[in-house]
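The chains referred to below are lettered A, B, ... by the order of the sequence lines, with proteins before strands, and numbering in each begins at 1. What you see below is based on every heavy atom in this structure, not just the backbone, and it leaves out hydrogens, waters and symmetry mates.
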Protein chains: 2
Amino acid sequence: MSAEERLERATRLCAGRGARLTPQRARVLRILIEAERPLGAYEILAEMAEGQRALAPPTVYRALEFLLAQGLVHRLETLNAFIDCRHPERPHPAQFLICSACGRVVEIDDEAIAARLLDAATQSGFAASRKVVEVIGVCEGCR
Amino acid sequence: MSAEERLERATRLCAGRGARLTPQRARVLRILIEAERPLGAYEILAEMAEGQRALAPPTVYRALEFLLAQGLVHRLETLNAFIDCRHPERPHPAQFLICSACGRVVEIDDEAIAARLLDAATQSGFAASRKVVEVIGVCEGCR
DNA sequence: GCGCAAAACGTTATATTGTATCTTTTCGTG
DNA sequence: CACGAAAAGATACAATATAACGTTTTGCGC
């Protein structure tokens, strides 16, 4: 799926929800989509500054906040970075494989893991709201 | 298990490994053990400053680096905080349930989740080295 | 179209978390 | 005790994130 197609899908999704994917927000999303790797907020900020007057951090953080709420991007806690989501249509367990060699990230969506984790949390009396699962390792290509 | 007992256990473990649990490192560990909740590096720093001349951040970060390497503490990625480990004797999958209401953290060690996750990573060609699993939710007491 | 309220955005300043680098001290070993 | 390695001290700074506040834009009911 091309960058354009993904942007269009995002536009459609937001329209259907009455959420406003403003040009600024779309720009942040485009940068993430085209990067094909996780970007830090300040990397995004630097990208956005290209050929324009510089923006301030809150601009990017606010756009990210919106995109996260819409499920269009994910936050990688171990990297303090953000990556666009490959299947934003429906809720899904977002689990990440992070290659410490090349920096690429693969999103997997293993329902079994999510279910087992939810189960374990419930058994401990926890009402789970967010699940963070990130595996650091070395990808096939880097070995 | 009391704070003293846990400190003694840590001392024993380090001695057995030829690792030096210096007074400074033991102090950081004690602070974490007595806190009974995750602490940020700068919170630890503040604790250590009590009644002494202030220390610099690298002091704490270096002690934490050692304690992490020894498996005596864990790092909570979603909180940027640290917590002492309850079973540092042997390697174990460290999964955390984090209560967003009271801030308490429960460490569970579900081998099934770890195995399933390792399996999923392997299937994607990943050689996993570290697994981060954190569930944010509300604990029994807070509901 | 007009006026209004909410949402989005701009701007400045600052808080929080984490490192690089160099020097000094401590500790175990020969 | 002398030596080398490990640890700790000290200074400065980098990277990440948010608070606070004012301005502009937008959607909406009239």
Between B:R6 and B:E8, does the salt bridge (Lys or Arg N to Asp or Glu O under 4.0 Å) criterion hold? Intermediate values first, please. CA-CA 5 Å; B:R6 285 203 243 159; B:E8 278 163 30; over 6 Å; no
Report task. Could you go through the salt bridge (Lys or Arg N to Asp or Glu O under 4.0 Å) check for A:E5 and A:R12 one step at a time? Result -> CA-CA 10 Å; A:E5 284 168 329; A:R12 250 184 296 114; over 6 Å; no
Determine whether A:E89 and A:R9 satisfy the following criterion, salt bridge (Lys or Arg N to Asp or Glu O under 4.0 Å), listing intermediate values before the conclusion. CA-CA 9 Å; A:E89 305 86 357; A:R9 177 177 56 177; 2.7 Å; yes
**OP:** Might you work through the side chain to side chain contact (heavy atoms under 4.5 Å, CB included) test for B:R116 and A:R116, ending with a clear yes or no?
**Re:** CA-CA 9 Å; B:R116 189 79 188 79; A:R116 188 81 189 79; over 6 Å; no
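One can place CG of B:L21 at 15 Å from C1' of C:dC27, the figure rounded to the nearest angstrom. Rounded to whole Å, the distance from CD1 on A:I44 to P on D:dA17 is 10 Å. Remark: P of C:dG18 and CG of B:L76 are 12 Å apart, rounded to the nearest angstrom. In this structure, A:E65 atom CD and D:dA17 atom C1' are separated by 12 Å, rounded to whole Å. In this structure, CG of B:L64 is placed 9 Å from P of C:dG18, rounded to the nearest angstrom. Atom OH of B:Y61 is separated from atom C1' of D:dG9 by 17 Å (rounded to the nearest Å). Following rounding to the nearest Å, A:L39 (CG) and D:dA15 (C1') show an atom-to-atom distance of 15 Å. Rounded to whole Å, atom P of D:dT16 lies 7 Å from atom CD of A:E43.
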Pick out the pairs of N or O atoms, protein on one side and nucleotides 5-9 of chain C on the other, that lie under 3.5 Å.
residue, atom, partner, partner atom, Å
C:dA8, OP1, A:R25, NH1, 3.0
C:dA8, OP1, A:R25, NH2, 3.4
C:dA8, O5', A:R25, NH2, 3.2
C:dC9, OP1, A:T22, OG1, 2.7

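At a threshold of 4.5 Å between non-hydrogen side-chain atoms, the residues B:L64 and B:V28 count as touching.
Taking SG of A:C85 as the reference point, atom CG of A:L32 lies at 11.5 Å (rounded to 0.5 Å).
No donor-acceptor pair under 3.5 Å is formed between the side chain of B:R37 and the backbone N or O of B:V105.
Of the side-chain N and O atoms in A:N80, one or more sit less than 4.0 angstrom from OP1 or OP2 of D:dA17. Phosphate proximity of D:dA15 to A:Y42: absent, as no side-chain N or O sits under 4.0 Å from OP1 or OP2.
Among the protein residues, A:R75 comes within range of the sugar-phosphate backbone only, with heavy atoms under 4.0 Å from sugar or phosphate atoms but none that close to a base.
Between A:T78 and A:E134, the side chains place a donor N or O and an acceptor N or O closer than 3.5 Å (distance only, hydrogens not considered).
Note on the helix from C:dG1-D:dC30 to C:dG30-D:dC1: terminal axis deviation equals 30°, with five pairs used at each end and the result rounded to 10°.
Listed by chain and residue number, A:H74 satisfy the ring pair (Phe, Tyr, Trp, His ring centres under 6.0 Å) test with A:F96 (two or more places apart in sequence, or in another chain).
Here C:dG18 is the nucleotide among C:dG18, D:dT18, D:dT11 with the atom lying nearest to any side-chain atom of B:A41.
Comparing B:G40 and A:R53 along DNA chain C, the residue whose closest nucleotide (by nearest heavy atom) sits nearer the 5' end is A:R53.
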